[in-house]
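Here the structure is laid out as structure tokens; the discussion comes afterwards.
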Amino acid sequence: MTISISRTDKQTRIGIEERIRERAGELGIDVVRIGPADIPEQRQRSYRRYLKLERHGEMGWLEARAALRSSPRQLWPEARSVVMAAINYGPETDPLPELEARDRGYISVYARHRDYHDVLKGRLKQLGGFIAGATGAALKVFVDTAPVLEKPLAQQAGLGWQGKHTNLLSRELGNWFFLGGILLDLPLLPDAVELDHCGSCRRCLDICPTRAFPAPYELDARRCISYLTIEHKSPIPREFRKAIGNRIYGCDDCLAVCPWNKFAAMTREAKLQARVDLVAPRLEALAGLDDPSFRRMFSGSPIKRIGRDRFVRNVLIAIGNSGDTDLAGVARGLLGDTAPLVRGMAVWASSELLDTHGFQALVRDHMAQEADSSVLREWHESLKALSA
């Protein structure tokens, strides 16, 4: 049944805000907050500084569409309100002990689920359909793909606050939630802006393996393991490889240590279910994936977007860090891979697992046949490191 609601009737608008929350809950959305379609000037300045310092690394789209990201009204002048929504994906147990299983890979908790773009966007479209039908409002749904700064908008709407690790935190969901929103040309009554509740805690800063936080509330993505294993397309710089450990897609350290996570598992009984096969998978099996098998394994997963070569690059770094000499044969088997990115990491992993004599035997068998400059660099740098 279509609900007729006048935009000029304040009392009726109060009703639609509550109806939006009710409908969101029915759709499996855990938390909804409403705010203005504006981003505070302070947040805009912080974003411009982030780009000026080039802390976004290879994520060129952040700079290319910076003007649009500065305000939703730059993207859509008619925008007046935003409905921000979150879905809890909190793990059943603390995932950090998985980092000790060196023969297995660590996949970020969010990526163990179906691609969140599909999960959340589908529910937001249904919520948007309800709002449009009830009010006649025009709207735009976004989930991490439109040039919108979701986290500042969410804080303005009262859904959470940006912690010292720059991620969004919620008193109801901790760190573990997918975030998206709906821009509306309809003015709605906003919720109160959320305040910062981090206090003196700095657990997220202190645990970072690569020291990716120059200061509280600042992130240098170029040093972040999530960035390096997902967004970075080239060989991962040597200075970060040991710190990556067995993290083959993303990093949860700064999220997992946050004390606010005690609320993440209390939100819903029927939470999203992670894929069991993506919890601590064996490195040996993952290293053997070719492109078709990679696509089959990660169909419907956000991991599929980085492609087989980058993924196996990450797996080889984990193999090199495993200390398991039985995996040296796995690395050796990829020295002839068709992808230079994979061959280069196979060189590094082999150098980490073999003694000088064993690695020099590989040099004699393989290095003379190598034509790619980046892979040859790995051979030379690995030899130099072994002789140091």
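Predicted, not measured: the structure shown is a model, and the values here were computed from it.
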Plane angle bin for Trp260 and Trp161 - parallel if under 30°, tilted between 30 and 60°, otherwise perpendicular: perpendicular
Rounded distance (nearest 0.5 Å) linking atom CZ of Phe240 with atom SG of Cys224: 10.0 Å
Side-chain touch Pro209/Ile244, heavy atoms, less than 4.5 angstrom: no
Pair His197, Glu194: side-chain N/O donor-acceptor within cut-off below 3.5 Å: yes
Aromatic plane relationship, Tyr89 with Phe178 - under 30° parallel, 30 to 60° tilted, over 60° perpendicular: parallel
Close side-chain approach of Glu218 and Pro214, heavy atoms under 4.5 Å: yes
Carboxylate-amine/guanidinium contact Asp324 Arg102, below 4.0 Å: no
Sidechain N-carboxylate O distance under 4.0 Å for Asp277, Arg282: no
Ion pair check, Asp38 and Arg73, cut-off under 4.0 Å: yes
Parallel, tilted or perpendicular: ring planes of Phe298 versus Phe294, cut at 30 and 60 degrees: tilted
Note: Glu381-Arg238 ion pair, threshold 4.0 Å (strictly below): yes
hydrophobic_cluster_shared for Leu376 and Val363, side chain cutoff 4.5 Å: yes
Pairwise side-chain contact, Arg241 with Met345, heavy-atom cut-off 4.5 Å (strictly under): yes
Verdict with reasoning, Tyr116 to Asp144, per side chain to side chain contact (heavy atoms under 4.5 Å, CB included): CA-CA 9 Å; Tyr116 66 95; Asp144 193 34; 2.4 Å; yes
Step-by-step side-chain hydrogen bond (donor to acceptor under 3.5 Å, both in side chains) determination, Tyr106 to Asp252: CA-CA 9 Å; Tyr106 183 93; Asp252 291 325; 2.7 Å; yes
Full working for salt bridge (charged side-chain N to carboxylate O under 4.0 Å, His left out) between Asp337 and Arg308: CA-CA 12 Å; Asp337 194 84; Arg308 176 262 178 185; 2.7 Å; yes
Between Trp348 and Trp379, ring centroids under 6.0 Å: no
Residues Asp253, Arg247: salt bridge by 4.0 Å N-O rule: yes
In one Ile/Leu/Val/Met/Phe/Trp/Tyr side-chain cluster, 4.5 Å: Tyr217, Phe213: no
Test item: Leu219 and Asn167 side chains (from C-beta on) under 4.5 Å apart, heavy atoms: no
Pair Asp115-Arg305, salt bridge (charged side-chain N to carboxylate O under 4.0 Å, His left out): steps then yes or no: CA-CA 10 Å; Asp115 193 329; Arg305 292 199 301 273; 2.6 Å; yes
Residue pair Asp291, Arg295: steps toward the salt bridge (charged side-chain N to carboxylate O under 4.0 Å, His left out) verdict: CA-CA 6 Å; Asp291 190 64; Arg295 290 176 177 274; 3.0 Å; yes
Residue among Ile319, Leu283, Leu316 satisfying side chain to side chain contact (heavy atoms under 4.5 Å, CB included) with Ile248: Leu283
Ion pair check, Lys262 and Glu172, cut-off under 4.0 Å: no
Shared hydrophobic cluster, Ile317 / Val347 (ILVMFWY, side-chain heavy atoms < 4.5 Å): no
salt_bridge(Glu352, Lys242) N-O dist < 4.0 Å: yes
Side chain proximity check, Ser322 to Asn246, heavy atoms < 4.5 angstrom: no
N-O pairing of Arg48 and Glu41 below 4.0 Å: yes
Distance-only donor-acceptor check, side chains Arg43 and Gln155, under 3.5 Å: yes
Note, Ile207 side chain near Leu96 side chain (heavy atom, < 4.5 Å): yes
Check: Cys258 and Cys204 side chains under 4.5 Å, non-hydrogen atoms: no
Donor-acceptor pair, side chain of Lys164 and main chain of Gly199, under 3.5 angstrom: yes
Beyond-backbone contact of Arg332 with Leu362, side-chain heavy atoms, under 4.5 angstrom: yes
Step-by-step ring-ring contact (aromatic ring centres under 6.0 Å, His included) determination, Tyr249 to Phe311: CA-CA 8 Å; Tyr249 188 92; Phe311 183 74; 7.3 Å; no
Under-4.0 Å salt bridge between Arg343 and Glu370: yes
Arg223 (side chain) donor-acceptor with Thr210 (main chain) under 3.5 angstrom: yes
Salt bridge (charged side-chain N to carboxylate O under 4.0 Å, His left out) between Arg21 and Asp191, intermediate numbers included: CA-CA 12 Å; Arg21 297 184 214 283; Asp191 292 300; 3.1 Å; yes
